[in-house]
**Q** 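A single structure is presented below for examination.
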Amino acid sequence: MVDAFGVAVVGFGWMGRVHTQAYARVLHHYPTLPLRPELVTVAEEVPGRAEEAAAQFGFVSTTRDWREVAADPRVKAVSITAPNFLHREIGVAMAEAGKHIWIEKPVGLTAADARTVAGAAAKAGVHSAVGFNYRNAPAVEAARELIASGGIGTVTHVRVRLFSDYAAHPEGALTWRYERERGGSGVLGDLASHGADLARYLLGDIASLTADTAIFVPERARPTGATAGHSRASGGELGPVENEDYVSCLLRFASGARGVLEACRVSVGEQNNYGFEVHGTKGAVFWDFRRMNELGVSRGTTYQDQPVGTVYVGPGDGEFGAFQPGAANAMGYDDLKVIEAYRFLRSISEGSTHGATLADAVRSAAVLDAMVRSAESGAWVSPEAS
């Protein structure tokens, strides 16, 4: 028997919508999951937005105050998709209220914020999930298994890239994302957090790093009204962009492997160019998010002039079989969030851990903090010292 399980969403921008759709779809793909998400309430401070969400998705109630969600006994789990500066306060309050937490990265503005939320969740005994969705791609999971099995030999070096143009337009509005107080870091928290998680997920802990950052669009116009996503604004008062557009980082892994992580939010001509190349002593594996269900794989013993073949993931690779019946049938971004919802709810129902958790968020945030310190000092920095 499937038990109704009350869930809420706090913050209904684009990501709040993605979480809601994942809750709505999860039983379609995982019919044996013993919990049935029931959309109890949605909290959004922008007037009218919560009501629109309720009308479209069927939330039972709405509020403009997230504190009402924490006090609502119907709610057993909460998706926190509000702006970064609210993550710590909301996350701690929900944990203390006994709500399980599915929260978007980077879980606050600093590693200290992430640790505080993680500590509150651990003390309360609630389960967590964090939005490191790219690790959920079946091809990424297949790459991890290939690496761990020694299929490409001993890993020597990796390159992780996350290039996008969402902030490239000079008329992009000066929203909270570009402010230190409310957004914290810029492309570090938005994209490099995924890169840090992918690097750790594939190759293990990062021992030290050195980083460089830059702001390429120094001023933007302040919006005159509520914004969603990456809105444009022109003619308004100009204000400074306070956090970085770009980061490049050299990595040294505890295993001895070396790496490069590079991320940019103002890369003209790049749309979601996310991926990695992992090289080993006997081969290599390549992944591009834009071809999410494929891997480039080179392995063997010829070393020089060794060919690269395309492998299409299929049933048996990660969670692919819950979505498609055969290899080369495409999955998309929203499917990765359904997997995330499934692993979150499975963790709650089984009392065990599945998928990325607040512990992973803390480790990723420590890497980001180390990048900030390195960019300021020009030195090699250990994430463990953050």
Side-chain angles (χ1 to χ4, degrees), residues 6-24 37-110 113-114 116-117 120 129-131 166-167 172-186 189-190 220-233 236-237 239 242-243 337:
V7 299
V9 175
V10 175
F12 205 80
W14 171 67
M15 188 54 69
R17 180 179 295 271
V18 173
H19 277 231
T20 302
Q21 291 170 166
Y23 285 130
E38 181 180 31
L39 299 175
V40 171
T41 189
V42 55
E44 171 56 62
E45 65 176 11
V46 175
R49 191 177 286 175
E51 288 73 18
E52 291 175 5
Q56 182 174 1
F57 294 103
F59 286 97
V60 177
S61 59
T62 66
T63 180
R64 292 181 63 182
D65 185 353
W66 60 262
R67 294 168 185 83
E68 293 184 5
V69 176
D72 192 335
R74 300 172 299 170
V75 176
K76 307 303 180 185
V78 180
S79 280
I80 301 172
T81 55
N84 297 350
F85 68 96
L86 294 172
H87 285 187
R88 177 172 176 161
E89 182 181 9
I90 297 175
V92 169
M94 294 302 172
E96 291 178 344
K99 319 295 187 188
H100 303 287
I101 299 169
W102 180 11
I103 188 169
E104 277 305 313
K105 34 61 60 185
V107 189
L109 306 183
T110 63
D113 285 352
T116 299
V117 178
V130 177
Y166 67 78
L174 187 70
T175 64
W176 61 267
R177 293 181 181 276
Y178 303 99
E179 300 174 0
R180 282 286 179 193
E181 184 176 353
R182 297 193 296 165
S185 60
D190 197 21
R220 296 181 182 274
R222 300 185 187 279
T224 56
T227 61
H230 306 290
S231 305
R232 294 186 188 177
E237 178 187 1
E242 299 173 350
N243 50 33
K337 286 299 187 184

**Q** Which residues pass the side-chain hydrogen bond (donor to acceptor under 3.5 Å, both in side chains) test with D72, not counting sequence neighbours?
**A** R74
**Q** So, for A95 and I101, which heavy atoms are closest and what is the spacing to 0.1 Å?
**A** CB-CD1, 3.8 Å
**Q** What is the distance from atom CG of N84 to atom CG of D190, rounded to the nearest 0.5 Å?
**A** 7.5 Å
**Q** How far apart are the closest heavy atoms of A43 and W66, and which atoms are they?
**A** CB-CA, 4.0 Å
**Q** For E242, does the CD atom have more than 12 heavy-atom neighbours from other residues, nucleotides or ligands under 6.0 Å away?
**A** yes
**Q** Using atom types as modelled and distance alone, determine if a side-chain donor or acceptor of T41 lies under 3.5 Å from a backbone N or O of V60.
**A** no
**Q** Working to the nearest 0.5 angstrom, can you tell me the gap between R220 CZ and T175 OG1?
**A** 8.5 Å
**Q** Rounded to the nearest 0.5 Å, what separates atom CH2 in W102 from atom OG1 in T81?
**A** 9.5 Å
**Q** L109 and G183: which non-hydrogen atoms are nearest, and at how many Å?
**A** CD2-C, 3.6 Å
**Q** Would you sort out whether M15 and V18 count as a side-chain contact (heavy atoms from CB on, under 4.5 Å), showing the intermediate values?
**A** CA-CA 5 Å; M15 188 54 69; V18 173; 4.1 Å; yes
**Q** Between H87 and G108, is there a donor-acceptor pair closer than 3.5 Å when you use the side chain of the first and the backbone of the second?
**A** yes
**Q** Give me the atom names and distance for the closest heavy-atom approach of P47 to R64.
**A** CG-NH2, 3.6 Å
**Q** Could you tell me whether K76 and E38 make a salt bridge, using a distance below 4.0 angstrom between a side-chain N and a carboxylate O?
**A** no
**Q** Can you measure from CZ (F57) to CG (L39) and round to the nearest 0.5 angstrom?
**A** 9.0 Å
**Q** Where is the tightest heavy-atom contact between V69 and A8, given as atom of each residue plus distance?
**A** CG1-CB, 3.6 Å
**Q** Under 4.0 Å between a Lys/Arg side-chain N and an Asp/Glu carboxylate O for E89 and R67?
**A** yes
**Q** For the residue pair V42 and A50, what are the closest heavy atoms and their distance?
**A** CG1-O, 3.6 Å
**Q** Can you measure from NE2 (H19) to CZ (F12) and round to the nearest 0.5 angstrom?
**A** 11.0 Å
**Q** Rounded to the nearest 0.5 Å, what's the gap from CD1 on I103 to CD1 on I90? Could you check?
**A** 8.0 Å
**Q** Among E51, E52, E44, whose side-chain contact (heavy atoms from CB on, under 4.5 Å) with T62 holds?
**A** E51
